[in-house]
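When reading the values below, keep in mind they use all heavy atoms of this one structure, side chains included, and skip hydrogens, waters and symmetry mates.
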Amino acid sequence: MSARELLAALHTAALEAVHAGRALERALEAEDPGPGPFVLLAAGKAACAMSEAALAVLGPRVVGGAVTSKD
């Protein structure tokens, strides 16, 4: 592996590690917040990714909410 390939791989791994949605998903899986019900509120650049992650983990325990993003 060349130095350029190594740097590209490290860059990709770093971006994956700090992706807001994946970070929230890992956090919710590590410590279950309980049976719910939950109301999901999200705003900002990462709102869509974090909302999708929350819905993937919490599923039907999310009973409503609002997401505001430019996406």
Query raised in the report: Does the R26 side chain pair with the main chain of A17, one donor and one acceptor, at a distance under 3.5 Å?
Result: yes
Taken to the nearest 0.5 Å, the spacing of M50 CE from L41 CG works out to 12.5 Å
* Do L58 and P33 have side chains that get closer than 4.5 Å, going by heavy atoms? -> yes
Taking every heavy atom of L28 against every heavy atom of A54, the minimum-distance pair comes out as CD1-CA, 3.9 Å
Between the side chain of E5 and the main-chain N/O of S2, is any donor-acceptor distance below 3.5 Å?
yes
- Please step through side-chain contact (heavy atoms from CB on, under 4.5 Å) for the pair K70 and K45, ending with a clear verdict. CA-CA 7 Å; K70 68 180 202 173; K45 292 184 289 186; 5.6 Å; no
All heavy atoms of G21 vs all of A53, minimum pair found to be O-CB, 3.1 Å
Between the CG atom in L55 and the CZ atom in R61, the distance rounded to the nearest 0.5 Å is 11.5 Å
What one should report as the nearest heavy-atom pair of A47 and V67 is CB-CG1, 3.8 Å
**Message:** For residues L10 and M1: do they belong to one hydrophobic cluster (side chain heavy atoms under 4.5 Å, members Ile, Leu, Val, Met, Phe, Trp, Tyr)?
**Reply:** yes
